[in-house]
Amino acid sequence: MTHWVFGYGSLIWKADFPFRERAPGTIRGWARRFWQGSHDHRGTPSAPGRVVTLVEAEGAVCRGMAYRIEAAVFDHLDHREKNGYRRVTLPIELTGAATVTGTVYLATPDNPAFLGPAPAPEIAAHILGSEGPSGRNVDYFLELVAALEQLGVDDPHLDGIHSELRRLGVEGTA
Ligand code: SIN
């Protein structure tokens with residue numbers, strides 16, 4: 001028995017797990033936001049970084065990558081996404097194919113690592129100044145931008161932060 005899991009952040013570009021197949025996909029009613037704190041990957045408990053979560057937003061469309069995985073892979077994913085994310089079940093529209101029911105890792109506002117909204121210049125400066133065991137926060141950002149570009153996705157929230165990062169001297173991709 002296999003399951004679909006939808007990635008909208010690092011799960012798009014860092015598939016460090018086995019999968020049977022993958023396909024670009026879309027979920028509706030959720031918007032990607034750099035509103036979650038990262039204590040364990042792109043920051044530390046005393047200086048958390050900023051990574052993405054999804055927030056409910058009527059009419060929003062979030063595009064990412066869906067993977068069909070064996071159930072055993074959830075052990076790895078649960079550990080990787082342990083800092084505030086929980087599994088929710090949502091419909092995932094696979095591009096050019098069926099809509100499937102699958103798992104999305106969401107960090108809701110009630111989790112202790114949630115940071116919430118901030119102006120783009122503040123988010124950009126925060127990202128630029130953060131680093132954790134998985135590397136520089138700005139590399140997480142740039143990898144995500146590059147992966148979304150490859151998928152042909154324009155994300156205005158990321159565009160705003162990217163402009164601010166460029167203003168701060170960040171160039172190119174990770
Ligand atoms: C995801 O990619 O779907 C979850 C957030 C992350 O790990 O960056």
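Here the structure is a predicted model, which is why all the values come from computation and not from measurement. We use all heavy atoms of the structure for the numbers below, so side chains are in, but hydrogens, waters and symmetry mates are not. Atoms within each ligand, like the ligands themselves, are counted from 1 in listed order.
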**OP:** Report, in ascending order of atom number, the atoms of ligand 1 lying under 4.0 Å from any heavy atom of Gly9.
**Re:** 1 (C), 2 (O), 3 (O), 8 (O)
**OP:** Give, for atom CD of Glu149 and atom CG of Leu158, the distance between the pair rounded to the nearest 0.5 Å.
**Re:** 10.5 Å
**OP:** Pull out every atom of ligand 1 sitting under 4.0 Å from any heavy atom of Gly7, numbered as shown with elements.
**Re:** 3 (O)
Original post:
Would you call His41 and Val51 a side-chain contact if the rule is heavy atoms closer than 4.5 Å?
Top reply: no
Original post:
Does Tyr8 reach ligand 1 with a nitrogen or oxygen that is under 3.5 Å from one of the ligand's nitrogen or oxygen atoms?
Top reply: yes
Original post:
Side chains of Tyr8 and Val104: closer than 4.5 Å at any heavy-atom pair?
Top reply: yes
Original post:
Is Leu11 close to ligand 1, meaning an N/O of one under 3.5 Å from an N/O of the other?
Top reply: yes
Original post:
Relative to the ring of Tyr67, is the ring of Phe17 parallel (under 30°), tilted (30 to 60°) or perpendicular (over 60°)?
Top reply: perpendicular
Original post:
Do the two ring centres, one from Phe74 and one from His3, sit under 6.0 Å apart?
Top reply: yes
Subject >> Contact (N/O only, under 3.5 Å) between Tyr140 and ligand 1 >> reply: yes
Original post:
Backbone N or O of Gly135 within a donor-acceptor pair of the Tyr140 side chain at under 3.5 Å?
Top reply: no
Original post:
At a 4.0 Å threshold, what atoms of ligand 1 neighbour a non-hydrogen atom of Glu81?
Top reply: 4 (C), 5 (C), 6 (C), 7 (O)
**OP:** Decide whether an N or O pair under 3.5 Å exists between Tyr85 and ligand 1.
**Re:** no
**OP:** Name the closest protein heavy atom to atom 6 (C) of ligand 1, giving the residue it belongs to and the distance to 0.1 Å.
**Re:** Ser10 OG, 3.3 Å
